Amino acid sequence: MLYQTLNNGVEMPMLGYGVFQTPPDETERCVTQALEVGYRLIDTAQAYGNEEGVGAGVRASGLPREDVFITSKIWVASMSYERATASIDESLRKLGTDYIDLMLLHQAMGDYPGAYRAMEEAYRAGKLRAIGVSNFYPERLIDVALLAEVPPAVNQIETHPFRQQDAAHEVMAELGVVHEAWAPFAEGQNNIFANPVLTEIGEKYGKKPGQVILRALMQKGVVVIPKSVRRERMEENFDVFDFELSAQDLATFTALDDGSLPRIFDHYDPKTVMWLLRDYVKNAQLNGGTLY
Ligand SMILES: NC(=O)c1ccc[n+]([C@@H]2O[C@H](COP(=O)([O-])OP(=O)(O)OC[C@H]3O[C@@H](n4cnc5c(N)ncnc54)[C@H](OP(=O)(O)O)[C@@H]3O)[C@@H](O)[C@H]2O)c1
């Protein structure tokens with residue numbers, strides 16, 4: 001396993017296992033298998049509805065709690081100081097643990113400064129070992145990184161061969177924030193597992209396109225959290241520690257990003273923003289209409 005050292009000294013595995021869209025009733029089985037395969041980082045979120053399954057899987061694995069790095073994320077509906085505070089305790093209860101290794105704000109929406117303060121407080125209380133953000137593009141990330149008392153350790157953003165986020169990565173590196181990739185396989189879009197460039201690179205090392213992606217991103221300093229509900233794919237995605245791409249192959253990989261689509265969630269598209277904010281607005285209306 002390769003590790004990134006976070007800005008507070010916590011060690012984070014560079015290859016983890018994601019459970020977005022994993023059905024709650026399958027999550028325990030998936031997480032148990034992933035831990036058997038060797039993964040030691042599990043990435044969930046309040047919005048995925050499967051934190052209970054993650055906790056059950058970690059317990060069923062028989063591994064000591066401290067051997068597994070658990071990430072969760074505070075959803076938009078809880079973006080205020082009070083709601084985030086309550087939601088952290090709810091995540092701890094659902095996961096069945098007394099600390100979470102990394103808690104992220106899922107989106108830069110609503111009263112996220114208030115929610116960030118709730119994370120800082122839970123961090124100081126020992127409920128969270130590290131805190132960070134997700135989907136914070138440079139302008140918002142700089143704001144939090146420079147103004148928070150506990151600067152974010154990680155920013156988890158959409159990152160895959162077609163959208164490698166090199167410019168955002170530079171900003172993160174300057175701020176001491178670890179870049180974590182969500183959807184490293186672009187959720188299978190663009191026929192990614194049959195991409196001819198990735199296939200050709202992989203043939204040199206006896207590896208498949210997906211393995212080339214994970215290795216290349218890690219070599220670029222990015223933490224990756226591929227998702228698969230199938231054990232054979234969990235194994236394939238974990239088998240990336242016995243080869244290293246040459247500088248030339250890494251440059252060829254980097255050139256796959258031509259700055260174009262696909263974007264899975266486009267945070268610059270007003271329709272996406274309105275859709276993501278729907279739970280926050282609903283919650284605000286239920287609470288007497290106060291938005292912040
Ligand atoms: N912070 C955020 O806003 C955010 C957003 C999205 C995702 N995430 C996190 O990032 C994690 C990964 O992203 P993702 O789940 O969206 O997408 P992804 O990992 O890019 O792709 C997952 C898809 O690829 C398939 N797959 C996995 N390994 C494969 C292989 N070796 N060969 C062929 N197909 C394979 C999976 O199918 P099967 O499962 O059927 O194998 C699934 O359809 C999530 O699980 C979540 O933890 C975070």
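In each ligand, atom 1 is the first atom listed, and ligand 1 is the first ligand listed. Nothing here was measured: the structure is a model prediction, and the numbers come from that model.
In the vicinity of N135, heavy-atom distances shorter than 4.0 Å reach the ligand 1 atoms 1 (N), 2 (C), 3 (O). Each of the following atoms of ligand 1 lies closer than 4.0 Å to a heavy atom of K73: 1 (N). Near D43, with a cut-off below 4.0 Å to any heavy atom, the atoms of ligand 1 are 9 (C), 46 (C), 47 (O). The distance from ligand 1 to the heavy atoms of P226 drops below 4.0 Å at these ligand atoms: 19 (O). When each atom of ligand 1 is checked for a heavy atom of V229 under 4.0 Å away, the hits are 38 (P), 39 (O), 40 (O), 41 (O). Atoms of ligand 1 lying under 4.0 Å from at least one heavy atom of F20, given by number and element, are 6 (C), 7 (C), 16 (O), 44 (C), 45 (O), 46 (C), 47 (O). Residue A186 approaches ligand 1 through these ligand atoms, each under 4.0 Å from one of its heavy atoms: 20 (O).
The option from S72, A45, C30, S134 that lies nearest to atom 1 (N) of ligand 1, judged by heavy atoms, is S134. Evaluated by nearest non-hydrogen atom to atom 40 (O) of ligand 1, the leading choice among Q156, R230, E235 is R230.
Here H106 has side-chain heavy atoms under 4.0 Å from ligand 1, and that is the only part of it that gets that close. Only the backbone of V19 comes within 4.0 Å of ligand 1, judged by heavy-atom distances. By the criterion of a heavy-atom distance under 4.0 Å, neither the backbone nor the side chain of F265 is placed next to ligand 1. When non-hydrogen atoms are compared, ligand 1 lies under 4.0 Å from the side chain of N237 (C-beta onward) but not from its backbone.
Distance check on atom 43 (O) of ligand 1: every protein heavy atom falls at or beyond the 4.0 Å cut-off.
Annotation for Y81 and A118: closest pair O-CB, 3.6 Å, computed over non-hydrogen atoms. Across every non-hydrogen atom of I192 and P209, the tightest pair is O-CB, 4.1 Å. Scanning both residues, Y205 and E244, for their nearest heavy atoms gives CE2-O, 3.3 Å. Closest approach of L102 to G132, counting heavy atoms only: CD1-N, 4.2 Å.
Taking atom 21 (O) of ligand 1 as the reference point, the nearest protein heavy-atom neighbour is E187 CA, 3.5 Å. In this structure, the protein non-hydrogen atom closest to atom 38 (P) of ligand 1 is R233 NH1, 3.4 Å. In terms of protein heavy-atom proximity, atom 11 (C) of ligand 1 is nearest to I225 O, 3.2 Å. Closest protein heavy atom to atom 13 (O) of ligand 1: A183 N, 3.1 Å. Residue, atom and distance of the protein heavy atom nearest to atom 4 (C) of ligand 1 are W182 CG, 3.3 Å. In this structure, atom 15 (O) of ligand 1 lies nearest to the protein heavy atom K227 CB, 3.2 Å. Nearest to atom 41 (O) of ligand 1 among the protein's heavy atoms is S228 OG, 2.6 Å. For atom 20 (O) of ligand 1, the nearest non-hydrogen atom of the protein is F185 N, 2.8 Å.
A salt bridge links K127 with D89: at least one charged nitrogen is closer than 4.0 Å to a carboxylate oxygen.
T44 and E51 are not linked by any side-chain donor-acceptor pair at a separation below 3.5 angstrom, with hydrogens and angles left out of the test. In the model, Q211 has no side-chain atom that pairs as donor or acceptor with a side-chain atom of R215 under 3.5 Å.
A cation-pi arrangement, defined by a distance under 6.0 Å to the six-membered ring centre and an angle within 45 degrees of its axis, is absent between R140 and Y112.
Separation of atoms CG (L92) and OG (S87) is listed at 9.5 Å; rounding is to 0.5 Å.
Of the candidates V19, T22, D43, K227 forms a side chain to side chain contact (heavy atoms under 4.5 Å, CB included) with just one, namely T22. Checked against H106 for a ring pair (Phe, Tyr, Trp, His ring centres under 6.0 Å), the options W75, F265, F136, W182 give a single hit: W75.
Checked against a 3.5 angstrom limit, the closest N/O atoms of F193 and ligand 1 fall outside it.
Residue contact annotation: Y17 has no non-hydrogen atom under 4.0 Å from ligand 1. Under the 4.0 angstrom criterion for non-hydrogen atoms, P184 is in contact with ligand 1.
Not one N or O on the side chain of D249 forms a donor-acceptor pair closer than 3.5 Å with the backbone of L245. A donor-acceptor pair under 3.5 Å is absent between the side-chain atoms of Q46 and the main chain of A77, judged by distance alone.
Between H267 and Y137, the distance from one ring center to the other falls under 6.0 angstrom.
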